[in-house]
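Single-structure report; data block below.
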Amino acid sequence: MVGLRKEVMEERTLRWSQTFIPTLKEDPAEAQVPSHRLMVRAGLVRQLVAGAYTYLPLGFRALQKAIRIVREEMDRAGALEILMPAIHPAELWQQTGRFADYGDTLMKVRDRKGALLVLGPTHEEVITDLVRHHINSYRQLPVIFYQIQTKFRDEPRPRFGVLRTREFLMKDAYSFDVDVTHLNQSYDRMYQAYCRIFDRCGLKYVVVEAESGPIGGEASHEFMVLADTGEDALVECERCRYAANLERAEIGARSASVPGPSDSPLRKVHTPGRTTIEQVSAFLQCLPQQMIKTLIYLADGAPVAVLVRGDHEVNEHKLRRALGAARLELADADTIARVTAAPVGFAGPIGLPVKLYADRAVMLVTDGVSGANEADYHLVGVQPGRDFQPDWIGDLRIACDGDACPRCVGALRLRRGIEIGHVFKLGTKYSARLGAHYLDEKGQEHPMVMGCYGIGINRILAALIETSHDDQGIIWSVSLAPYQVLVLPLNVANAELMQTAERIYRELEQQGIEVLLDDRDARAGFKFHDADLLGLPLRVVVGEKALQRGEVELKWRHHRASFTVPVEQAARRAAEEIRRALEHLM
RNA sequence: CGGGGCGUAGCUCAGCUUGGCGAGAGCGCCUGGUUUGGGACCAGGAGGUCGCAGGUUCGAAUCCUGUCGCCCCGACCA
């Protein structure tokens, strides 16, 4: 009885005809990026509503593979797995101020008593609440908790299939330490674990410096998979290892060009109704690079002027740091009119009654053009240093392709990427606000120093597919593939051929290899196409011609060529190939 | 939140401008037969509240209003 049952279950797992793999010949209309298209076509996922997907058997298996790798490496790094609730009391979020910060992205529900609950988009509040109640001595630290759990974010715009969804699986970990030195150790441990995880997944990734918040320095790193379809912009130095999220990217101080002395006289010109860089540069026949863009910001309510070159954009993170401001926003039209004595579009640095913050590139402009702080007038022949002197000069702009690397003599290259992981030094933000304190050896109370570490599990799959596919379909890495080997008998009506195929897959099963047997009664071409679409790493074809010679055909999905092996060696050889490929990823 | 597109069979879509008999095609699905190394062929068949609600009309997939959903661009995104 038990034996029979086991056999039945095995067959349900292994035989194509007994599982559920709804492949599609045509592209689904709504899929825009390769990973989305292929995940739907290969029968991995189906959408229920915008930003929520069902994982079908094949997709779920791949997801489990990713989860397993993440779990093994987190355990190895000494993190403790727990499972926190998805529903949180809103009060907890109000206590840290994030109820307001998150705004509409927070999913909210009311229970039958009318109490407001939050569906957790992340768990800093919940874990800190747990720790404040149960950990209170330095003897209990350090500790790192993690969970793999569904997160909810009411994204303004879910998109790209599984890449940006409203409900997704996340591995989130939280470290608690006695001080920053120990936090750094926990951080490094997680960082290393992340490298191992993504290496094992077979992903090619770049670690970039990211916006770091309160601690500063290299307090945050994102793990990015480079892909043109990625949502995040980043820069990478073409010479050294410097890489950063575009939000964060510093720009080297050395000048791109040596400024020549300018003797052009300052002159006021009539520019009726020309308010934008494009309009003014077209009207005056000058280059946007000659223009000095003057933006009025409100830093904690006080107006300041920010100068960047016409073809550059202000990086508000850098500006906020330079100003030391907690709140920063572009000034409204009324403030601009009051500060510049002109309507929006005619601001310039000369004669402004507020402090001037200039990006370095502005100081290299010669024969510049700026607003005249007078309606319908601009100034030409502007010479920074001669005609105005900023109160502060430094790096204030968003990096561009080709900008100088801040670490070496190389140039920065603009890239796009998919964020698959993020490690972050939180400091005491949550522990202080929620009262997660510990007593040191002298009996003194301190807030714990925290770090948090996230991995988007679904994105691991999407990122892999996004960067590993061809016209025919997915090309799985051995470690994430839902099955490692596909056994493909070409004619199921041929009993001898079928028996051979079944024997090979049973032998592979016994060797601990994950096998799918395509036992469908379909034509060879049809099955080959589905095989390529599914993209399982190794394919074993059992066909009549080769079988007459006592051979079967093995083919790696990522190779063009196949090779034949004697039937009796097929399973052993296939298993060997898989094991070797897996070791290669470890 | 601003702008745009689309909702017709399981999937991809035609039909709508100019309302009119029984609402279509390809793929998929079911039955039978012939086939079997790169998405076969023949014969037969099942399958649709035309997103939903209201309106105009003798008559609405088609016109009008509202509404919901999905997709795209932008804004936003610890």
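A note on names: the letters A, B, ... follow the listed sequences, proteins ahead of strands, and every chain is numbered from 1.
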Please give, in whole Å, the distance from B:rG38 P to A:Lys25 NZ?
-> 15 Å
Those residues at least two apart in sequence (or on a different chain) that pass ring pair (Phe, Tyr, Trp, His ring centres under 6.0 Å) with A:Tyr53 are A:His36
In whole angstrom, give me the gap between the C1' atoms of B:rC11 and B:rU56.
-> 35 Å
With A:Tyr191 via ring pair (Phe, Tyr, Trp, His ring centres under 6.0 Å) - residues at least two apart | A:His221, A:Phe223
Listed nucleotide nearest any side-chain atom of A:Gln472, set B:rA78, B:rG38, B:rA75 | B:rG38
Just by distance, do the side chain of A:Gln569 and the backbone of A:Val565 share a donor-acceptor pair under 3.5 Å?
-> no
Nucleic acid contacts of residues 526-534 of chain A, taken as heavy-atom distances under 4.0 Å to RNA chain B | A:Phe526, A:Phe528, A:His529, A:Asp530, A:Asp532
Whole-Å distance separating the CE atom of A:Met450 from the P atom of B:rA78 = 17 Å
Using 30° and 60° as the class limits, which term best fits the ring planes of A:Tyr194 and A:Tyr453: parallel, tilted or perpendicular?
-> perpendicular
Take atom C1' in B:rA40 and the same atom in B:rU35, then report the distance between them in whole Å.
-> 7 Å
Will you find, in the side chains of A:Thr96 and A:Glu124, an N or O donor that is under 3.5 Å from an N or O acceptor?
-> no
Using atom CD of A:Glu553 as one end and atom C1' of B:rG37 as the other, report the distance to the nearest whole Å.
-> 8 Å
List in numerical order all residues of residues 163-175 of chain A for which some heavy atom is under 4.0 Å away from an atom belonging to RNA chain B.
-> A:Arg164, A:Met170
Between A:Asp471 (CG) and B:rG39 (P), how many Å, whole number?
-> 16 Å
Candidate nucleotides B:rC11, B:rC70, B:rA78, ranked by approach to the side chain of A:Phe424 - the nearest = B:rA78
With sequence neighbours left out, write down each residue that passes salt bridge (Lys or Arg N to Asp or Glu O under 4.0 Å) with A:Arg110, or none if nothing qualifies.
-> none
Base B:rG37 paired with A:Glu544 side chain (donor-acceptor, <3.5 Å) = no
How many Å lie between CG on A:Leu488 and C1' on B:rG37, as a whole number?
-> 10 Å
Round to the nearest Å and state the distance from A:Leu490 atom CG to B:rU35 atom P.
-> 18 Å
Is the backbone N or O of A:Leu117 less than 3.5 Å from a side-chain atom of A:Lys108, with the two atoms forming a donor-acceptor pair by type?
-> no
Checking B:rU36, B:rA78, B:rG37 against the side chain of A:His422 (C-beta onward), the nearest is B:rA78
Classify the angle between the aromatic ring planes of A:Trp556 and A:His558 as parallel (below 30°), tilted (30 to 60°) or perpendicular (above 60°).
-> tilted
Which part of the nucleic acid, if any, lies within reach of A:Arg520 when heavy atoms closer than 4.0 Å are counted: base, sugar-phosphate only, or nothing?
-> nothing
base_contact_polar (B:rG74 base, A:Arg159 side chain, donor-acceptor, <3.5 Å) | no
Note: A:Arg416-A:Asp232 ion pair, threshold 4.0 Å (strictly below) = no
Test the A:Lys151-A:Phe168 pair against the cation-pi criterion, namely NZ or CZ under 6.0 angstrom from the six-membered ring centroid and within 45° of the ring axis.
-> no
Could you measure between the two C1' atoms, the one in B:rA46 and the one in B:rG4, and give it in whole Å?
-> 39 Å
Cationic N near anionic O, under 4.0 Å, A:Arg397 to A:Glu313 = no
Write down the distance separating the C1' atoms in B:rU62 and B:rU57, rounded off to the nearest Å.
-> 13 Å
Could you state the CD-P distance from A:Glu247 to B:rC77, rounded to the nearest angstrom?
-> 8 Å
List in numerical order all residues of residues 26-38 of chain A for which some heavy atom is under 4.0 Å away from an atom belonging to RNA chain B.
-> A:Glu26, A:Asp27, A:Pro28, A:Ala29, A:Glu30, A:Gln32
Residue whose nearest RNA chain B nucleotide is more 5′ - A:Arg539 or A:Thr122 | A:Arg539
B:rG59 and B:rC68: how far apart are their P atoms, nearest whole angstrom?
-> 29 Å
Can you tell me the distance, in whole Å, between the CZ atom of A:Arg523 and the P atom of B:rU35?
-> 11 Å
